[in-house]
Amino acid sequence: MAEQSREDPPHADPIDEAPDDAPIEAAAHEAGRQPWQVGRSHRKVDAMERMRGIARYTDDLKLPGMLHGKIKRSPHAHARIVSIDTRRAEAMPGVHGVVTGRDFPIPYGIIPWTPDENALAVDKVLHVGDGVAAVAAVDEDTAIEALDAIDVVYELLPAFFDPEQALAADVQINPYARKGNLSKEVLLEFGDVDAGLASADLVIEGEYFFEGTTHAAIEPHCAVAYVERGGAGGEEGLLTVWSATQVSHYLHRELAKVLERPAHRIRVIQPPLGGAFGGKSEPFDLEFCVAKLALKTGRPVKILYTREEVFYSHRGRHPMRMKHRLGVDRDGRIKAVDAKTVLDGGAYSSFGLVTTYYSGQLLCSPYEFGAYRFHSRRAYTNKPACGPKRGHGSVQPRFAIEVQLDKAAQALGLDPIELRRRNDMGAGGKTVNEFAIGSNGFLECLRRVEQSSGWAERRPALPYGRGLGVAGSTYISGTNYPIYPNEMPQAAVQVCLDRSGRARVFSGANDIGQGSNTMLAVIVGEELGLPLEDIRVLSADTDLCPVDLGAYSSRITLMVGNACMQAAQQLRKQVCGAVARRWEVPARRVTLVQRKAIDIEDPDRHVELAQAFEWAEADHGLLGAVGSYTTPKDRHGDYRGGTIGASPAYSFTAHVAEVEVDDETGVVDVKTIWVAHDCGRALSRRIVEGQMEGSAYMGFGEAIMEQHVVDPAHRGVHPGPSLLDYRIPTFLDTPQLRALIVEAPDAQGPYGAKEAGEGPLHPSIPAIANAIHDAVGVRMDELPFTPPRVLAAIEQRRARERAGELPPHKGGLGVVGRDSARRTA
Amino acid sequence: MLRMPRFSVQTPRTIDEVVQALRTPGARLVAGGTDLLPNIKHRLEQPPVLVSLSRVRELGDVVVDEAAGVMRIGARVTLTAISEHAQVRERFPSLARAAGVVASPLIRNMGTLGGNVNLDTRCRYVNQTAFWREALGGGCIKSEGSVCHVVPGGRNCVAAMSSDCVPVLISLGASIVLVGSQGRRELPLEDYYLADGVRHTTRLDDELTTELVVPLPRGPRRSHYAKWTVRGSIDFPLVSVALRFDLEQDHVSAPVSEAHVVVGVLGSKPRRVTRLDDVVGKALDDPSLATAVAERVHQQCKPLENVPYEAPYRRTMLRVHARRAIEVMVAAG
């Protein structure tokens with residue numbers, strides 16, 4: 001049984017809290033530089049604050065005289081604004097300021113090439129929930145009343161909820177769009193796809209549909225703005241914006257642009273965040289509105305989204321309709337892949353230019369493709385804008401291709417794991433689209449999930465209704481090129497030591513719960529011999545911290561980690577040198593570990609780090625160092641778009657999912673997901689495991705129940721913009737998740753580390769789809785796999801079985817899969 | 001977060017004071033508040049006064065009156081307390097089960113039985129914010145509008161009776177006791193509900209539910225409550241079937257002497273499945289009994305598109321879950 005065959009029992013290793021008492025084996029330590037922090041399990045640096053409820057999230061900020069803002073939103077999916085009259089609202093007692101689209105004439109966009117949204121609608125509203133005006137008042141209730149007193153006259157326009165229909169329409173949705181409702185089109189071909197398909201022994205054709213999901217971070221978006229009093233000359237003071245954002249630097253830039261205010265007079269601070277998952281990766285209306293209203297009123301202003309507004313801000317996974325052709329030879333080797341994809345972008349571009357590329361570019365590993373072509377078109381529609389969600393742009397096509405591979409394995413009579421193994425591209429090569437791959441632990445990932453799930457013995461023996469499915473994937477560890485072109489480093493960190501024996505780390509990176517502040521502390525602790533509690537990480541404050549591009553594309557561990565390591569190593573050298581000088585030994589004899597500087601050859605000789613830091617400060621002056629990281633510029637494709645999706649290093653993942661399908665109800669009960677992930681090197685094991693489990697959980701929810709849609713039959717409303725109606729799995733629904741860390745260290749990563757935050761999500765969905773097929777013999781090519789859809793597929797198959805077109809699945813090996821009668825409970 | 005509109009709260013200490021307080025026009029009774037407060041946040045109700053039962057000492061007991069042959073359950077007893085009550089579990093296992101699968105533990109700790117039997121009807125087009133209903137085009141019969149989005153052209157509200165406990169209580173033959181300015185009345189719970197989602201009970205504005213009276217079983221019995229929903233917690237039922245079979249002897253091979261099946265989450269009124277006469281006399285473990293009951297349920301119960309998941313699917317599932325519920329009873333012996 002699965003329960004017995006698991007390796008890596010969960011939580012076997014205790015959190016290392018007090019390493020100080022452990023015996024010092026300094027000689028062994030420095031000889032091979034045995035890591036003393038890297039690779040252990042740590043309590044996150046902010047864990048206790050969060051668990052004790054004292055972490056102060058953005059909404060916890062309360063400033064003297066603070067006003068509360070609310071945003072008036074469009075009830076129409078597509079309409080021209082004929083007029084907005086704010087006079088009644090402005091005259092209300094307690095109302096201090098009102099803004100409309102006229103206050104924000106400059107369009108912005110997270111991608112500099114597609115500035116196609118305004119902070120509030122200027123002439124048109126493009127989806128239900130589009131922002132139209134904002135009010136600042138003494139309290140929320142007054143602000144809400146004031147919204148009702150803003151009179152907006154609309155002229156309704158035809159709305160388009162289907163991307164193909166929008167592309168064919170002669171009504172342009174987004175006024176800034178350059179080509180009708182075509183937001184972006186990418187057509188790239190590598191090798192001769194038509195010849196590859198023509199010469200293939202087997203061509204699998206499939207059409208797949210990913211319906212769209214949203215992030216559902218528990219913390220709603222929130223922003224607070226405060227303007228300091230100006231100087232005697234009358235100039236305005238510093239504008240500070242606290243925001244639940246995951247990209248404080250980009251927010252800083254866009255605020256400067258839209259508010260027409262020099263960046264040095266804006267400070268952006270990201271307080272502790274309650275989840276983001278990509279849903280806070282760009283500026284939103286509320287940040288511009290609080291800033292403008294604070295400037296207008298001279299008082300602090302806060303806006304907290306309702307949960308409904310979070311659904312309207314969206315930027316979640318694009319619905320994608322994907323037509324794939326896969327050509328393989330009779331051994332299962334991939335000759336060619338042809339992918340045609342239509343992306344439903346919603347009303348704005350968001351990251352859509354990148355998403356359109358990613359929908360094709362990130363598919364070319366871990367398997368070697370003989371030839372590859374993709375044609376992706378992104379359409380504007382009258383829906384909340386889509387954008388990046390964990391596994392940006394590549395979760396949807398990964399679903400398609402991994403099911404295609406399963407179909408090929410089935411047709412060829414090959415084991416699906418074996419088919420994947422045969423196509424493994426290995427380490428150090430180039431993908432068909434010319435991305436340089438470094439380390440690659442994919443085969444090991446396959447081996448681990450195969451072994452842990454008992455694949456070989458159990459899969460052939462599972463009765464009808466039970467099944468195992470496999471899928472693989474790859475993901476980037478950051479992108480080689482930033483969102484706006486520049487030649488500066490991609491990441492920078494400043495580390496300071498003080499004479500009390502402590503370190504402070506300044507980083508612009510956004511810790512959004514993924515643990516990046518802890519990662520930085522681990523690196524500084526590793527290099528300087530400090531336990532984590534002696535390290536204070538100050539992050540995501542544009543006044544205090546060097547610029548960082550933020551928490552997206554799984555870039556922080558590799559990029560910011562490298563920058564941090566560089567800074568910490570400089571300091572290590574200074575400290576070791578100062579100690580060595582006093583001991584009159586060569587610097588290489590000094591190591592820093594467990595809050596001490598130790599003579600490797602005479603471990604009895606050691607001093608407290610505080611003393612060592614004092615010596616170093618005496619020698620060098622104030623101890624501070626900066627590190628920065630610049631991406632390699634030789635690892636991408638030499639063609640237009642060849643930089644998009646190119647990363648310094650790629651992670652690899654394999655999942656096996658075990659399901660039980662109730663053939664009478666169509667309910668899919670996912671029992672266990674085994675997640676093997678090559679993260680290069682796990683800098684902090686528990687956090688990596690958490691990311692792997694969290695990813696698989698999120699993918700599972702998308703596979704089984706999540707649906708972010710609008711209702712075309714009801715004026716384009718979201719059918720349930722609440723956490724009651726938008727169902728994310730509860731603890732009771734969640735499968736057993738088995739995190740199996742695989743480490744194939746990459747030369748590009750700090751200590752070999754690659755990403756772990758997004759890659760492990762990808763195979764969840766196709767592994768479940770493939771397991772459903774193994775269980776009951778039906779292909780689920782449309783997401784999500786809801787009970788009515790699964791049941792309909794089972795009934796269709798049954799009809800074909802009765803007609804003699806198909807044999808009974810699993811030879812009619814008895815019917816189980818009725819455990820979900822327990823749901824009847 | 002959604003804001004709560006302003007209202008005052010009264011905290012009477014006796015039932016008479018509650019009745020008096022309810023005479024304030026628009027006053028609403030609140031016990032656990034797990035249904036009322038979200039509806040107020042959604043601006044489905046804007047009561048000027050909430051009359052809280054928090055200080056009423058009565059209504060909080062479960063009493064077995066052997067002489068009268070009934071169990072009296074006070075309206076303020078929480079769903080958690082019912083699900084854990086030894087006497088309820090022993091005598092009315094289907095009720096303990098239904099109370100124990102409502103929403104989530106936190107809600108069951110607050111929610112009361114009186115609240116659950118008075119749970120307002122629910123609809124995908126109603127239980128949304130005021131803004132959402134505006135976007136829909138101005139609400140519907142049950143909110144600000146005049147149309148029905150579930151039954152186009154319909155004039156009668158078909159919002160779904162979504163209580164887990166109500167079908168079970170009806171299957172057990174429970175009565176509801178109400179006290180108001182006109183005095184005390186007791187009526188079969190089955191007669192309490194109306195096929196009108198806007199006002200789906202016969203409760204008068206100044207009446208409060210004081211207790212549910214459930215007749216003690218006079219002989220052997222098997223009962224069950226089948227709930228299907230997407231998630232293992234939080235969700236309202238999408239398929240909801242209460243079953244009760246009185247038996248001639250205390251084993252599942254014994255002939256059935258009475259059969260009661262009641263289905264929720266259809267329209268605004270729970271539906272008692274009829275024409276079960278031909279299963280009387282059959283053994284509970286006779287597979288043809290399960291099939292026959294499931295067929296009746298399927299024939300007579302027509303879910304509507306008032307809650308999520310397609311109505312035809314839910315109708316099919318009624319048959320499956322009704323049959324399985326009987327199989328579960330049989331398997332339990």
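So you know, we letter chains A, B, ... as the sequences are listed, proteins then strands, and number each from 1.
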S.K.: Atom CG in A:L147, atom CZ in B:F131: separation rounded to 0.5 Å?
M.R.: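 It comes to 10.5 Å.
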S.K.: Please round to the nearest 0.5 Å and tell me the distance separating atom CD of B:E134 and atom CG of A:D148.
M.R.: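 One finds 8.0 Å between CD of B:E134 and CG of A:D148.
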S.K.: Given side chains that start at C-beta, do those of B:Q128 and A:D725 come closer than 4.5 Å, heavy atoms only?
M.R.: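 Yes, at least one pair of side-chain atoms sits under 4.5 Å.
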S.K.: Counting only heavy atoms closer than 4.5 Å, note whether A:Y312 contacts chain B via side chain, backbone, both or neither.
M.R.: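 For A:Y312, side-chain heavy atoms alone lie under 4.5 Å from chain B.
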S.K.: Is any side-chain heavy atom of A:E664 less than 4.5 Å from a side-chain heavy atom of B:R324?
M.R.: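 A side-chain contact under 4.5 Å exists here.
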S.K.: With a 4.5 Å cut-off on side-chain heavy atoms, are A:T306 and B:M1 touching?
M.R.: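 They are not in contact (no side-chain heavy atoms under 4.5 Å apart), so the answer is no.
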S.K.: Can a donor-acceptor pair be found, under 3.5 Å and without considering hydrogens, that links the side chain of A:D733 to the backbone of B:R231?
M.R.: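 Judged by distance alone, no pair lies under 3.5 Å.
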S.K.: Where on A:Y305 is there a heavy atom nearer than 4.5 Å to chain B: the side chain, the backbone, both, or neither?
M.R.: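 Looking at A:Y305, just its backbone touches chain B.
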S.K.: Has B:R3 got more than 12 heavy atoms of other residues, nucleotides or ligands less than 6.0 Å from its CZ?
M.R.: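 Correct, the count exceeds 12.
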S.K.: Would you mind reporting whether B:P308 and A:R727 have side-chain heavy atoms less than 4.5 Å apart?
M.R.: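 In short, these two side chains touch, coming nearer than 4.5 Å.
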S.K.: For A:V128 versus B:A135, what's the shortest heavy-atom pair and its separation?
M.R.: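 Smallest heavy-atom distance, with atoms named: CG1-CB, 3.8 Å.
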S.K.: May I ask you to decide if A:T665's main-chain N or O and B:Y313's side chain share a donor-acceptor pair within less than 3.5 Å?
M.R.: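 Yes, the answer is positive, given that a donor and an acceptor are paired below the 3.5 Å cut-off.
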S.K.: Please flag which part of A:P788 lies under 4.5 Å from any non-hydrogen atom of chain B: side chain, backbone, both or neither.
M.R.: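 It is both, since atoms from each part get that close.
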S.K.: How long is the straight-line distance from OG1 of B:T316 back to CG of A:L791, given to the nearest 0.5 Å?
M.R.: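 The OG1 atom of B:T316 is 7.0 Å from CG of A:L791, to the nearest 0.5 Å.
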S.K.: Can you list the residues of residues 709-724 of chain A that sit under 4.5 Å from chain B, counting heavy atoms only?
M.R.: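 Result: A:D711, A:H714, A:R715, A:V717, A:H718, A:P719, A:G720, A:P721, A:L723, A:L724.
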S.K.: Mind checking the CD-OG1 spacing from A:E309 to B:T129? Nearest 0.5 Å is all I need.
M.R.: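 The CD atom of A:E309 sits 9.5 Å away from the OG1 atom of B:T129.
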S.K.: I want to check something: taking the side chain as every heavy atom from C-beta on, are A:P787 and B:Y309 in contact at a cut-off of under 4.5 Å?
M.R.: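 Yes, at least one pair of side-chain atoms sits under 4.5 Å.
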S.K.: Checking A:K70 against chain B: side chain, backbone, both or neither under 4.5 Å from a heavy atom?
M.R.: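 For A:K70, the contact with chain B is made by the side chain alone.
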